[in-house]
Amino acid sequence: MQPYDGHIGVQEGVILVFALLSAMLFLQYPQFLVEVGGPAGWQVALIMTLGAMLLLVPASALARRFPGMGLAEISREAAGSVVGPLLTLLVSLWLFASCVLTLRSFTETFITTILPDTPPSPLMISAALCALFASYKGLESIARATQILLPLIAGGSLLVLLFSLPRLDVSLLYPFWGHGGVPTLMGGLYYSSMAADVVVILAVGYAFRDPGHLRTSGMVGTLLFGLGAIAVVFVLVGIFGAPIASQNPFPLYNLARLIYLGRFLQRTESVIVMFWVLAALVRISVLLHASAVTLSGALGLPQYRPLLFPLAVLLIPLALLPQDFLTSLRIDRDVIRPLGFVAVLAIPLLLWLLALLRRKGGKRHAT
């Protein structure tokens with residue numbers, strides 16, 4: 001087992017999961033929900049939340065069977081020294097791909113909305129360096145920093161939604177079932193993979209002193225993210241209408257631009273940008289850290305930190321590979337998100353079944 005540093009409890013775990021997932025609400029993901037659900041996009045978000053929590057059950061069962069272990073160690077125990085590292089490698093590659101696309105989305109969104117004449121490279125380098133430093137300090141440091149930053153990020157976002165309510169037109173939320181009950185249900189189940197990044201908590205399961213803390217962190221953090229997604233999509237559709245909202249990749253930013261409370265409170269999007277940058281950096285840092293930890297475990301390396309710099313260097317050229325922003329959105333929506341089902345359901349479920357069949361884990365590892 002690798003020598004890891006630091007531990008986190010339930011509170012830090014919930015905050016970390018919520019921050020990791022809620023950063024997507026600043027990017028293009030609410031647009032995806034409105035595209036599939038239309039006026040019923042908030043229902044898609046509700047179904048997505050329930051589906052995502054259901055997907056966490058195999059990972060929680062696996063963590064209970066192998067307390068104090070991360071995904072790399074669990075894979076070796078449950079699936080053996082050949083198949084186990086291969087499964088861990090698949091999760092590591094998926095996490096790193098998600099990190100790459102997050103960096104590209106963050107950069108493109110920042111350039112499009114704030115600094116249109118800025119080349120992407122300086123922004124990507126700055127974000128990669130911040131993520132490298134945070135990942136090197138360890139998961140506990142990231143969790144503690146997130147615990148300080150999250151009230152600002154969540155509070156600022158909540159104020160934007162509250163100040164936007166006077167413009168809400170409830171008639172834009174009809175017809176109630178949007179494009180139909182079946183498309184809404186299927187869309188919600190499909191986008192349950194939006195929460196696939198929560199596999200991070202299994203990848204760093206060693207950081208939880210109690211496997212129950214891991215389960216609670218995943219479930220509560222995902223639930224809070226789902227409630228945030230429902231609120232954002234509801235307000236977004238109620239103000240812009242489904243046709244415009246489905247073409248809006250910058251939801252909270254555009255909502256903040258509409259806020260005008262006299263001469264003393266206007267141009268609030270500048271504040272949202274600050275929260276948006278902090279949320280994106282937390283997400284990239286956590287994904288980079290989890291990618292390095294799982295990759296080092298798959299390769300059987302004694303330390304994960306030597307991998308951080310090479311991975312951070314690879315982030316930038318890989319993020320620039322898609323020829324444009326729309327291409328990166330399609331890759332994320334049509335390739336990375338569907339593969340998230342493998343990360344959060346198929347692999348943990350397979351490992352849990354193998355552990356049962358091979359009689360690995362359980363009380364023998366808990367003592």
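Position 1 is the first residue of the sequence, and the numbers go up from there.
The hydrophobic clustering, which links ILVMFWY residues whose side-chain heavy atoms are closer than 4.5 Å, places L351 and L86 apart. Tracing side-chain contacts under 4.5 Å through hydrophobic residues (I, L, V, M, F, W, Y), one never reaches L50 starting from F18; they form parts of separate clusters. Connection of L165 to I230 is established within a shared hydrophobic cluster, with ILVMFWY side chains joined at heavy-atom distances below 4.5 Å, either directly or through further cluster members. There is no path of hydrophobic side-chain contacts, each under 4.5 Å, that joins L54 to L189. The hydrophobic cluster containing L150 also contains I201, counting ILVMFWY residues as joined when their side-chain heavy atoms lie under 4.5 angstrom apart, directly or transitively.
For the side chain to side chain donor-acceptor pair (under 3.5 Å) test with E35, the passing option among H179, R333, Q247 is R333; the others fail. None of L223, L224, V198 except one satisfies the side chain to side chain contact (heavy atoms under 4.5 Å, CB included) rule with V17; the exception is V198. Each of L132, L103, T102 was checked for a side chain to side chain contact (heavy atoms under 4.5 Å, CB included) with L315, and the lone residue meeting it is L103.
With hydrogens and angles ignored, the 3.5 Å screen pairs a side-chain donor or acceptor of S291 with a backbone N or O of F96. Remark: side-chain polar atoms of S75 are not paired, donor with acceptor, to backbone N or O of P85 under 3.5 angstrom. Side chain of W94 to backbone of I336: a donor-acceptor contact under 3.5 angstrom is found. The closest donor-acceptor contact from the side chain of T216 to the backbone of H213 lies at 3.5 Å or more, if one exists at all.
Side-chain contact between R65 and L356 is present, with heavy atoms from C-beta onward closer than 4.5 Å. The side-chain heavy atoms of L255 and F163, taken from C-beta on, include no pair separated by under 4.5 Å. I347 has its side chain out of reach of V199: every pair of non-hydrogen atoms, C-beta onward, lies at least 4.5 Å apart. The shortest distance between side-chain heavy atoms of V313 and F309 falls below 4.5 Å. Using a 4.5 Å heavy-atom threshold, the side chains of Y191 and L33 count as touching. The shortest distance between side-chain heavy atoms of F208 and R215 does not fall below 4.5 Å. Under the 4.5 Å side-chain criterion, counting only non-hydrogen atoms from C-beta, F176 is not in contact with P39. Looking only at side-chain heavy atoms (C-beta outward), L168 and F234 come within less than 4.5 Å of each other.
The aromatic rings of F32 and Y29 sit perpendicular to each other, their planes meeting at more than 60°, with 30° as the lower class boundary.
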How far apart are the C-alpha atoms of R283 and T146, what are their side-chain angles, what is the distance that settles it, and do they pass the side-chain hydrogen bond (donor to acceptor under 3.5 Å, both in side chains) test? CA-CA 10 Å; R283 177 173 168 81; T146 305; over 6 Å; no

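With ring centers used as reference points, F133 lies 6.0 Å or more from Y136.
Side chains of R76 and T88: a donor-acceptor N/O pair is absent below 3.5 angstrom, by distance only.
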